[in-house]
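Scroll down for the structure; my scribbles are underneath it.
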Amino acid sequence: WTLIIERYWYYGIEYPKTLGRVAEQWLSRVERDSWYARRIREGLISELSLALRRHLLTIQVLTGILPLLGLLGTVTGMIATFDILNTFGSGNSRALSTGISKALLPTTTGLVTAIASLYFSINLQQRARIEIHKVSDKLV
């Protein structure tokens with residue numbers, strides 16, 4: 001969540017400043033039509049593209065891992081529940097149901113956070129893609 005918040009902060013506050021500096025740097029050039037100038041323009045666009053896409057892959061990977069972490073919590077909880085069964089037998093239904101509910105909570109948490117993270121991950125990717133296209137148009 002920290003990476004997601006950082007990306008929104010970057011897109012909303014830092015990136016416009018960076019884009020302004022890069023655009024000013026490009027527009028201050030006297031000569032913009034040569035092969036060398038086009039390579040400089042491509043380099044500026046590439047740097048902005050890298051800055052826009054920073055941490056997006058990490059966010060995607062963590063979003064994919066969240067359900068697996070929930071599943072790991074469920075397996076751990078079920079092992080504890082089977083330990084209760086081993087100790088008290090099947091006669092203690094209250095302890096058994098408590099153990100099962102504790103085992104299912106990590107799965108629910110993992111799935112809910114993964115779904116929410118998936119939305120933000122896709123939104124951030126779309127914003128980066130749109131901004132990269134805008135940069136290409138702005139640095140003409």
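Bear in mind the structure is a predicted one, so any value in this text is a computation, not a measurement.
- Each salt bridge (Lys or Arg N to Asp or Glu O under 4.0 Å) pair with one or both residues in residues 104-133, not counting sequence neighbours, appears once here: Glu131-Lys134.
- Ile115 pairs by the side-chain contact (heavy atoms from CB on, under 4.5 Å) definition with nothing, not counting sequence neighbours.
- With sequence neighbours left out, Glu31 forms a side chain to side chain donor-acceptor pair (under 3.5 Å) with Ser34.
- In terms of hydrophobic clustering, with Ile, Leu, Val, Met, Phe, Trp and Tyr side chains grouped at heavy-atom distances under 4.5 Å, Ile4 and Val61 are assigned to different clusters.
- Hydrophobic clustering (ILVMFWY, side-chain heavy atoms < 4.5 Å, transitive): Phe120 and Leu69 are in distinct clusters.
- Partners of Thr107 according to the side chain to side chain donor-acceptor pair (under 3.5 Å) rule, which considers only residues two or more places apart in sequence or in another chain, are Thr74.
- Under the ring-ring contact (aromatic ring centres under 6.0 Å, His included) criterion, Trp9 pairs with no residue, sequence neighbours left out.
- Put simply, CD1 on Ile45 and CD1 on Ile40 are 12.5 Å apart, with the number rounded to the nearest 0.5 Å.
- Take Tyr119 and apply the side chain to side chain donor-acceptor pair (under 3.5 Å) test, not counting sequence neighbours, and it matches no residue.
- Smallest separation of non-hydrogen atoms from Trp1 and Thr113: CZ2-O, 4.1 Å.
- Members clustered with Leu118: Ile122, by chain and number, using a 4.5 Å side-chain heavy-atom cutoff among hydrophobic residues.
- Hydrophobic clustering of Ile, Leu, Val, Met, Phe, Trp and Tyr side chains at less than 4.5 Å, counting indirect connections, keeps Ile79 apart from Leu71.
- Remark: Leu44 CG to Ser49 OG distance equals 12.5 Å, nearest 0.5 Å.
- Annotation: salt bridge (Lys or Arg N to Asp or Glu O under 4.0 Å) contacts involving residues 44-55, sequence neighbours excluded, are absent.
- Listed by chain and residue number, Glu42 satisfy the salt bridge (Lys or Arg N to Asp or Glu O under 4.0 Å) test with Arg39 (two or more places apart in sequence, or in another chain).
- Judged by distance alone, the side chain of Ser121 and the main-chain N or O of Ser117 form no donor-acceptor pair under 3.5 Å.
- Hydrophobic clustering, defined by side-chain heavy atoms of Ile, Leu, Val, Met, Phe, Trp and Tyr closer than 4.5 Å, leaves Ile130 isolated from every other such residue.
- Closest of all the heavy-atom pairs between Leu111 and Pro67 is CD2-CB, 4.0 Å.
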Throw together a table of side-chain donor-acceptor distances under 3.5 angstrom for residues 14-23, partners on residues two or more places apart or in other chains.
residue, atom, partner, partner atom, Å
Thr18, OG1, Glu14, O, 3.1
Thr18, OG1, Arg21, NH2, 3.4

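- Once rounded to the nearest 0.5 Å, the distance linking CG of Asn123 with OH of Tyr8 reads 3.5 Å.
- A search for side-chain contact (heavy atoms from CB on, under 4.5 Å) contacts involving Leu62 returns Leu3, Thr58, not counting sequence neighbours.
- Between the CG atom of Leu124 and the CD atom of Gln126 there is a distance of 9.5 Å, given to the nearest 0.5 Å.
- Remark: the backbone N or O of Arg38 is not paired with any side-chain donor or acceptor of Arg32 at under 3.5 angstrom.
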